[in-house]
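Both ligands and their constituent atoms are indexed starting at 1 by order of listing. Computed over heavy atoms, backbone and side chain alike; hydrogens, waters and symmetry mates excluded.
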Amino acid sequence: MTSNIKKIAVLTSGGDSPGMNVAIRSVVRTCAYHNVECVGVYRGYQGLMEGDFKQMDARSVRGIINKGGTILKSARSNEFRTKEGRIKAHQQLRDAEIGGLVVIGGDGSFTGALIFNQEFGFPVMGIPGTIDNDIFGTSHTLGFDTALNTVIDAIDKIRDTASSHNRLFFIEVMGRDVGHIALNAGIAGGAEEILIPEEDLGLERLVESLNRSRKSGKSSSIVIVAEGDKIGKNIFELKDYVDENMEGYDVRVSVLGHMQRGGSPSCFDRVLASRMGVKAVESMLNGQTNYMVGLMDGKMELTPLDNAIKGKTKINLELLRVSDIMST
Ligand code: F6P
């Protein structure tokens, strides 16, 4: 290990996601393994400015591998967006003799980390934690896999009642401006249609497709709607549109909401979080800074934070085609 860093801080920021606790555990234990001190920062950047720190050792993170949420709590801080706020945060880090900061969060949190590094030259490293899977530089963000499993469990349950009543259900899932959750969970949950921001199906085609489904003998249907979908109507307006424009449909709406962010992390997310924590700490101890760790082609890789923030994830076109064929 080539850097002089003797103490590393870790925080979680932005929307929480299942797997954040496993990543905290991994950061803390990797520090312990390399005889480096570790400090947990409560409430993200807000706690960083206020010096809300807790010394952590390998035993401080026992019993959290299966817990959703984040033991360090999370926050979205407006004050950290100001120069004054960041000066306060820097002073707190200096006072506590901390030499590096691991930020577990999404692109907003990484933007804060990058600005902080540019202003003070303070070493930072990002771990992508969000259910949305919207971060460039990793095939999977922490929590995406667990959220997908939560969503398909919900879809399966809704399908039971949809088919008992011959109903059409619009189910809204999270994902901010991208459709990764909707597309994957839609395929896995056997949805008839999936509406995502990356592809504008258009209302007419939606109606056509639903009519086709019915003619082909389907008595109930599930349509997954990504929260960021751009069809031009929200999920309740979609219901009204179908009520007004299609005969004989009994339509219901279900917005899954924040339940998608909770729950015990899946095996995949636990392994991913453990790997990411090790990579983040060891990279920092090797003198690397301003990177995000990510999973690419099965390997842990580093992407410059700047690219991770500016880059856009792409929707898998093959999955779109699979979903079209499956809804035949
Ligand atoms: O980014 C994660 C996410 O859960 C999005 O899917 C959703 O749009 C947003 O956060 C909700 O944020 P909040 O915590 O402010 O309700």
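From Leu168, atom CG reaches atom CG of Asp243 across 9.0 Å, with rounding to the nearest 0.5 Å.
Using a cut-off of 4.0 Å between Lys/Arg side-chain N and Asp/Glu carboxylate O, Glu192 and Lys218 are scored as salt-bridged. Under 4.0 Å is where a charged nitrogen must lie from a carboxylate oxygen, and between Lys314 and Glu198 no such pair does. Between Asp250 and Arg167, at least one side-chain N (NZ, or NE/NH1/NH2) sits under 4.0 Å from a carboxylate O, which counts as a salt bridge.
For the pair Asn21 (side chain) and Ile65 (backbone), a donor-acceptor distance under 3.5 Å is absent.
Listed by chain and number, residues touching ligand 1 at under 4.0 Å (heavy atoms only) are Arg76, Thr130, Asp132, Met174, Gly175, Arg176, Glu227, His258, Arg261.
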Please tabulate, one pair per line, all N/O donor-acceptor pairs under 3.5 Å involving side-chain atoms of residues 96-107, not counting sequence neighbours.
| from | atom 1 | to | atom 2 | distance (Å) |
| --- | --- | --- | --- | --- |
| Asp107 | OD1 | Arg176 | NH2 | 3.0 |

